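If you're wondering where the values come from, they're calculated on a predicted model, not measured in any experiment. Protein chains get the first letters and strands the later ones, always in sequence-line order, with residue 1 at the start of each.
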4 protein chains.
Amino acid sequence: MTAQLFFDINTSNGVPVYEQVARQIVSAIASGGLNAGQMVPSVREMAKELAINPNTVSRAYRQLQDNGVLETVRGSGIAVSSGAKAKCKSMRSQAIGQRIAHVIVEARQSQLSDDEILKMIQSEMRKKHP
Amino acid sequence: MTAQLFFDINTSNGVPVYEQVARQIVSAIASGGLNAGQMVPSVREMAKELAINPNTVSRAYRQLQDNGVLETVRGSGIAVSSGAKAKCKSMRSQAIGQRIAHVIVEARQSQLSDDEILKMIQSEMRKKHP
Amino acid sequence: MTAQLFFDINTSNGVPVYEQVARQIVSAIASGGLNAGQMVPSVREMAKELAINPNTVSRAYRQLQDNGVLETVRGSGIAVSSGAKAKCKSMRSQAIGQRIAHVIVEARQSQLSDDEILKMIQSEMRKKHP
Amino acid sequence: MTAQLFFDINTSNGVPVYEQVARQIVSAIASGGLNAGQMVPSVREMAKELAINPNTVSRAYRQLQDNGVLETVRGSGIAVSSGAKAKCKSMRSQAIGQRIAHVIVEARQSQLSDDEILKMIQSEMRKKHP
DNA sequence: GTGGTCTAGACCACC
DNA sequence: GTGGTCTAGACCACG
């Protein structure tokens, strides 16, 4: 059966829309909301649902197919590959790792010491999750 | 007098060059390496130093003028505004804080605990700065 | 939908072209000729229309984005922000008010009475707009 | 004898410094603070007094000489021409007229009616001179 | 010498 | 198609 997904797309926060779609699919698979063998919505359907351009959905799907997370099932659509769950979990933490690394580089460019950076992080963590 | 600054520009990390220049000036002011009343290097000089186009430097400077961090002294150059230090300190920590908060939100969305996030951060810090 | 605008650009009055473009967009929004959510003409289209360089248009648009008057819709164009109308009205009257105040100060410094100033103004108005 | 003048120069308000010097000399002559036959301070002296570049003073003087307001007295310096007072008075009001015209054009470009413009002017007049 | 503006044209990512 | 960035080079006003 086709999964029912609830994504939120933000077209004005700088993150590419196709990237948002791909991330949210990965996240859904990693969290078990979407399982191996299930079909994802068709490109047209998904595009209509999210009110975005079909090309954008298509690009997200293609990227996930290249990753082996999704695979086309001839004549019926696009499905979650077997073994996708583990892969998505690792992709997710790898992605986070990259963004963390990026922030660290930027903070160091701003001449902050690692101690100061850690303090800011802990302060931010408390702020949103007291 | 004109400050001597040492910037490193990375033209392939996605962050616009003019933005990198602006940030590093803000950092220099926040850290006291550049003080109110001092002149920043001339557009042409800075461009030569960083091996980038003068227009790019100019754009960075203009952005900081719009922020009130720099101001042009007609016919003579561009100087750090009075009161820029406090402003730059707050700009710097606000900017980094935002990026940190953003990463934390993403990490939590991926169902990582704060402890796990912190471990990833420390691991990343060691990786590039052992 | 994209608005149809009629601007006049004067390249020899000392006012930067990008500033003239920005002002006239602000005016159009303030006057209701351009409404929140509407797209402004594309950079290339506007440049062609006004016979100026796309970069110049781009600079005008960027300035208005920094002001929060416009915002880019990724991959599709640039739109008038919600709440722009009130902002533009206040920007417009503030800008003109400042210029008026400036002239009045200068006129008074030249020891003209307010009555004399008003007479000059009315005479100037008739001169170009009989 | 050489006149003692009290000028205030603002190097960051967009008005060229040489223009400020010239205007203030014209104004002083029109108001009778500086009379035909009197010497103006030497370029060097004036530059030192105002803490500006001698070239700038020189440019202001040259402009006024071209206007016939000042004239060089061989071997002794630069003096106010005879007949300068009337000329300066007319220059002053002509300059004001131009600036008024300019503001009117800009206000009209902002789609304000002449009535609205007049109202803004009267409001500004009251604001600073109640 | 300085900054500011403008043009021309290239390349990129995104939709 | 869209905007964004960057380069290269010209011209101008100012000090």
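C:S58 has no side-chain polar atom (N or O) that falls below the 4.0 Å cut-off from OP1 or OP2 of F:dG3. Here B:T72 does not reach the OP1 or OP2 of E:dT2: none of its side-chain N or O atoms lies under 4.0 Å away. Distances shorter than 4.0 Å separate none of the side-chain N or O atoms of B:Q65 from OP1 or OP2 on E:dG3. Taking side-chain N and O atoms only, B:R59 has a distance below 4.0 Å to OP1 or OP2 of F:dT5. OP1 or OP2 of F:dT2 has at least one side-chain nitrogen or oxygen of C:S42 nearer than 4.0 Å.
Rounded to whole angstrom, the span from the CE atom of B:M46 across to the C1' atom of E:dT2 amounts to 15 Å. Atom CG of C:N53 and atom C1' of F:dG9 are 13 Å apart (whole Å). If you take OH of C:Y61 and C1' of F:dT5, they are 18 Å apart, rounded to a whole angstrom. Going from atom CZ of C:R74 over to atom P of F:dT5 covers 11 Å, rounded to whole Å. As a whole-Å value, the separation of C:K48 NZ from F:dT2 P is 10 Å. Between B:R44 atom CZ and F:dG9 atom P the separation is 14 Å, expressed in whole Å. Separating the CE atom of B:M39 from the C1' atom of E:dG3 is a distance of 10 Å, rounded to the nearest angstrom. As a whole-Å value, the separation of B:N10 CG from F:dC6 P is 12 Å.
Within 4.0 Å (heavy atoms only), A:I52 reaches no atom of the nucleic acid at all.
Here A:K87 pairs with A:V69, A:M91 under the side chain to side chain contact (heavy atoms under 4.5 Å, CB included) rule; sequence neighbours left out. Shown here are the salt bridge (charged side-chain N to carboxylate O under 4.0 Å, His left out) partners of D:E19, two or more places apart in sequence or in another chain: D:R23. The side chain to side chain contact (heavy atoms under 4.5 Å, CB included) test applied to D:H102 returns C:V15, D:E106, not counting sequence neighbours. Residues that satisfy the side chain to side chain contact (heavy atoms under 4.5 Å, CB included) test with B:V103, not counting sequence neighbours, are A:R99, A:I100, A:V103.
D:Q24 is listed as a side-chain neighbour of D:D8, based on a closest heavy-atom distance under 4.5 Å. Using a 4.5 Å heavy-atom threshold, the side chains of A:Q20 and A:N10 count as touching.
In the region residues 12-22 of chain B, proximity to DNA chain E at under 4.0 angstrom, judged on heavy atoms, holds for none of the residues.
Checked by atom type and distance alone, the side chain of B:R92 pairs as donor or acceptor with a backbone atom of A:S110 at under 3.5 Å. Counting only distance, with no hydrogens or angles, the side chain of B:S81 and the backbone of B:A84 share no donor-acceptor pair below 3.5 Å. At distances below 3.5 Å, not a single donor-acceptor pair connects side-chain atoms of B:S31 with backbone N or O atoms of B:A28. A donor-acceptor pair is defined here as one N or O able to donate and one able to accept, closer than 3.5 Å; no such pair exists between the side chain of C:T56 and the backbone of C:I52.
At a cut-off of 3.5 angstrom, the base of F:dG1 holds no donor-acceptor pair with the side chain of A:N55. The base of E:dG4 has none of its N or O atoms less than 3.5 Å from a complementary donor or acceptor on the side chain of B:R62.
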When Watson-Crick pairs (N1 to N3 and N6-O4 or O6-N4) and G-U wobble pairs (N1-O2 and O6-N3) count only below 3.5 Å on both distances, what is the dot-bracket string of DNA chain E, with | for other-strand pairs? ||||||||||||||.

